[in-house]
Amino acid sequence: MLLRVQKPARYVGGEYRSVMKDRAKVDLRFAFCFPDTYEIGMSNLGMRILYGVMNEMEGVWCERCFAPWGDMEEEMRRAGLPLYALESGDPIRDFDFVGFSLGYEMAYTNVLNMLDLAGIPLHTWERGDGDPIVIAGGTCAYHCEPLADFIDLFSLGEGEDVTREMLELYRRGKREGWTRREYLRRAAQMPGLYVPSLYDVRYREDGTIASITPRDGAPAVVTKRIVQDLDRSYYPVQTIVPSTEIVHDRVMLEVFRGCIRGCRFCQAGFCYRPVRPKSPQKLIEQGIAACRDSGYQEMTLSSLSTSDYRGLEELCDGLLDYCESRNINLSVPSLRADNFSTALQQRLQKARKSSFTFAPEAGTQRLRDAINKNVTEEDLLRSCRTLFEGGGNAVKLYFMLGLPTETDEDVLGIADLAQKVYLTWKQYASNRARGVRITVSTSFFVPKPFTPFQWEGQISMEEYRRRVNLLRSSIRNKAIIYNWHDPDTSYVEAVLARGDRRMGRAIEEVWRRGGRLDAWSEYFQFDRWMEGFRAAGLDPDFYALRERRREEILPWSMVSVGVRPEYLWREREQAYRAAITPDCRHRCMGCGADRLLCSGKCDAVLPPSAEKED
């Protein structure tokens, strides 16, 4: 079979540091499924962390499983081979848990396809006591209602602690002879676990939600879980080294979780609050140990806004002392234009990096203020000057089209800003003979849950294309390359992100019509999704384009990320006034995350603005 498929190394396991255990000494087996290809899943740090957390538990064996590419799926179905775990080769339908990591809405059809390939009943009500508990976590678990018919249990927030508790509860149930239903009922009492089958949803005639009612003692609102002390939390120093190339084939160091900023479009910025940093000393220790164990020649610092980390220069110095003599490349993505310093530039240039990425997100200051980006044109041009004076000759600039309150003037401002970056290079480049490459990329804005824009509607695809053409026609400099994201996928993403549990019918329809691997252009078919929505009796515009009223019950109203809805609405009103809200280092704005932890932790990330010049 493997001789007839692309990249057979995806399907054989046996990698260095993969965990093998004696079946006779294991009383709980967990199949960790990533609903995308091996190369994508093995690049996910969260999956590596939870894999290590569970395998540290005595008597628990966590194994991995990934979505097969089309050629392998065809071979498996032809041969009657069920979906299996890489470590043991055993069918995942024989495990106690089958867990999915959900980071992207376009992976939903993969979840159904993997359950079907495994021989696990598709719907929650079809499963009996002999079937595995199907759970899911990740960013999409916060707005998980479209998958409510297929997932028994959702884990909300960070999984290191709640996963251990959930598995121990299952072991207790095994000892005491609980039924599947009894386990789910008790799991719903545990903070951070949401069981959709214990909530009744009623709808009004206009299609909006009339009520969400919990049953059997389930809480009215389920609040996410967080890890409070990252220095003490598990980090996979000894991690699996893939036998084939993956997307992020390197050591990944998580600098901190959360974000001090309040960008109004950013779901992660609100869902991952509050900020919790790791100490530079701990990061240096873990980074060096991970490189030594794996043999990787590249290391990247990971966070939502890495240049906000207060100890970044100390961290880079400590890592570069080790990396430079061993030809290990250190990369620092997620840089902000308002705190990119000459000192940081010089340190990163030591690692032979000449290209940097900034995300102004909008072309004019008015719109940047409306989305609370807290970056000015002067910030960006100053950072570009620093880059060019230091020998850099490539800049990537990321923007969004379709942001609330955006006008044609804002769209044209993107071209104007890119031209000013070019003129900055022309004036300050230390080596103009090398030329310059300025890449402008635009994506189609998706109003996501748990942001101040969760009540907004997405602009139509036709309007998005008009704005793309307007911007494309205004860029005439050959040194500026313009790339834009196709709107079809972003429209479907918006429908799924803002969907209720009725959306499950459409997802199932699309899957039955051949939908899978929809995050890949080779497989995504827009017409198939439109047919699926029609067959399910749903209007996708109702979900993607419709503006919500403040009093409307949202499909994700039974979930809390710690940020108060009143705060999000206030931020929406601020957006329409193009008013900036200070970030957490200036003062607490009362978002609600302080109820989870906060307590001044933000100061450990970035010093007060008076110290910024340092």
Side-chain angles (χ1 to χ4, degrees), residues 34-37 39-41 43-44 67 69-70 100-114 138-140 142-147 247 265-268 359 361 398-403 406 439-449 451 453-454 456-469 471-472 482-499 503-504 506-536 538-546:
F34 198 91
D36 210 318
T37 62
E39 298 94 312
I40 303 296
S43 300
N44 185 276
W69 196 249
F100 290 93
S101 177
L102 302 175
Y104 184 32
E105 291 83 358
M106 301 311 297
Y108 287 175
T109 50
N110 290 352
V111 173
L112 274 61
N113 199 48
M114 292 175 76
T139 307
C140 292
Y142 292 123
H143 50 276
C144 59
E145 285 297 275
L147 290 180
V247 175
F265 58 85
C266 182
Q267 185 185 44
E361 308 295 0
Y398 285 106
F399 299 88
M400 283 185 283
L401 293 179
L403 287 162
E406 183 180 70
T439 303
V440 171
S441 297
T442 59
S443 62
F444 188 9
F445 169 68
V446 176
K448 286 293 183 81
T451 70
F453 294 150
Q454 65 179 352
E456 303 294 332
Q458 189 181 47
I459 64 171
S460 69
M461 290 189 290
E462 293 75 15
E463 175 60 17
Y464 171 80
R465 292 189 182 99
R466 186 192 71 81
R467 297 184 193 188
V468 165
N469 290 330
L471 177 55
R472 184 173 57 176
Y482 177 38
N483 301 319
W484 62 93
H485 192 274
D486 185 83
D488 292 357
T489 307
S490 296
Y491 174 74
V492 176
E493 179 187 344
V495 176
L496 297 177
R498 299 156 66 77
M503 191 60 60
I507 296 170
E508 185 174 348
E509 279 288 342
V510 172
W511 169 71
R512 294 193 183 281
R513 294 164 187 259
R516 71 254 295 120
L517 296 169
D518 283 298
W520 297 81
S521 58
E522 298 95 318
Y523 284 89
F524 176 77
Q525 292 183 19
F526 182 73
D527 291 342
R528 181 163 55 203
W529 277 96
M530 295 303 104
E531 291 166 3
F533 291 136
R534 283 194 294 271
L538 299 175
D539 175 11
D541 286 355
F542 175 82
Y543 294 97
L545 307 188
R546 182 176 62 88

* Does a side-chain heavy-atom distance below 4.5 Å link Ile40 with Asn44? -> no
* If you measure from OG on Ser443 to CD on Glu493, what distance do you get to the nearest 0.5 Å? -> 9.0 Å
* Does a side-chain heavy-atom distance below 4.5 Å link Leu102 with Thr139? -> no
* Asked: Do side-chain atoms of Thr451 reach the backbone of Pro447 as a donor and acceptor pair under 3.5 angstrom?
  -> no
* Are Arg465 and Asp488 close enough, and set up right, to give a salt bridge (charged side-chain N to carboxylate O under 4.0 Å, His left out), and what steps lead you there? -> CA-CA 11 Å; Arg465 292 189 182 99; Asp488 292 357; 3.1 Å; yes
* Residues Glu463, Arg467; criterion salt bridge (charged side-chain N to carboxylate O under 4.0 Å, His left out); working and verdict -> CA-CA 6 Å; Glu463 175 60 17; Arg467 297 184 193 188; 2.7 Å; yes
* Asked: Any sub-3.5 Å donor-acceptor pair from Arg498's side-chain atoms to Gln454's backbone N or O?
  -> yes
* Met503 versus Val495, closest heavy-atom pair with distance -> CE-CG1, 3.6 Å
* Is the distance between the ring centroids of Tyr464 and Phe444 less than 6.0 Å? -> yes
* Run the salt-bridge test on Glu509 and Arg534 with the 4.0 Å N-O cut-off and return the result as yes or no. => no
* Trp520 and Asp36: side chain donor to acceptor below 3.5 Å -> yes
* Set of residues satisfying ring-ring contact (aromatic ring centres under 6.0 Å, His included) with respect to Trp484, sequence neighbours excluded -> Tyr482
* Structure fact -> dist Asn483:CG -> His485:NE2 (nearest 0.5 Å) comes out at 11.5 Å
* Asked: When you check the side-chain N and O atoms of Arg472 and Asn469, is any donor under 3.5 Å from an acceptor?
  -> yes
* Should Val446 and Phe265 be marked as a side chain to side chain contact (heavy atoms under 4.5 Å, CB included) after you check the CA-CA gap, both sets of side-chain angles, and the distance that decides it? -> CA-CA 8 Å; Val446 176; Phe265 58 85; over 6 Å; no
* Asked: Taking Ser43 for the side chain and Val247 for the main chain, is one N or O donor matched with an acceptor at less than 3.5 Å?
  -> yes
* To the nearest 0.5 angstrom, please state how far the CG atom of Leu538 sits from the CE atom of Met530. => 11.0 Å
* Asked: Considering all heavy atoms of both residues, which atom of Pro35 and which atom of Ser101 are nearest to each other, and what is their separation?
  -> CD-O, 3.1 Å
* If you take all heavy atoms of Gly499 and Pro146, which pair is closest and at what distance? -> O-CD, 3.7 Å
* Could you grab the distance from atom CE of Met400 to atom OG of Ser441, nearest 0.5 Å is fine? => 13.0 Å
* Is any NZ, NE, NH1 or NH2 atom of the basic residue among Arg546 and Asp539 found under 4.0 Å from an Asp or Glu carboxylate oxygen of the other? -> no
* **Residues Glu531 and Arg528 bridged, charged N to O under 4.0 Å** => no
* Asked: Does Phe445 offer a backbone N or O that forms a donor-acceptor pair with the side chain of Gln458 under 3.5 Å?
  -> yes
* Closest contact, heavy atoms only, Arg513 versus Ala535 -> NH2-CB, 3.3 Å
* **Gap between atom CG of Leu147 and atom CD1 of Ile507 - 0.5 Å precision** => 5.0 Å
* **Check against side chain to side chain contact (heavy atoms under 4.5 Å, CB included), Leu496 and Tyr104** => CA-CA 10 Å; Leu496 297 177; Tyr104 184 32; over 6 Å; no
* Rounded to the nearest 0.5 Å, what's the gap from OH on Tyr398 to CD on Glu361? Could you check? => 10.5 Å
* Asked: Can you tell me if Arg516 uses its side chain to pair, donor with acceptor, with the backbone of Asn110 under 3.5 Å?
  -> no
* Asked: Does Glu508 come within less than 4.0 Å of Arg512, counting only side-chain N to carboxylate O?
  -> yes
* Do the charged groups of Lys448 and Glu105 touch, with an N to O distance under 4.0 Å? -> yes
* **Closest non-hydrogen atom pair, Thr109 against Met106** => OG1-O, 4.2 Å
* To do: Please answer whether the main-chain N or O of Gly402 pairs with a side-chain N or O of Glu406 as donor and acceptor at a distance below 3.5 Å.
  => yes
* Minimum heavy-atom distance between Gly515 and Asp518, given as atom pair plus value -> C-OD2, 4.0 Å
* Side-chain donor-acceptor pair present, Asp541, Tyr491, cut-off under 3.5 Å -> yes
* Asked: Is the backbone N or O of Gly70 less than 3.5 Å from a side-chain atom of Tyr523, with the two atoms forming a donor-acceptor pair by type?
  -> yes
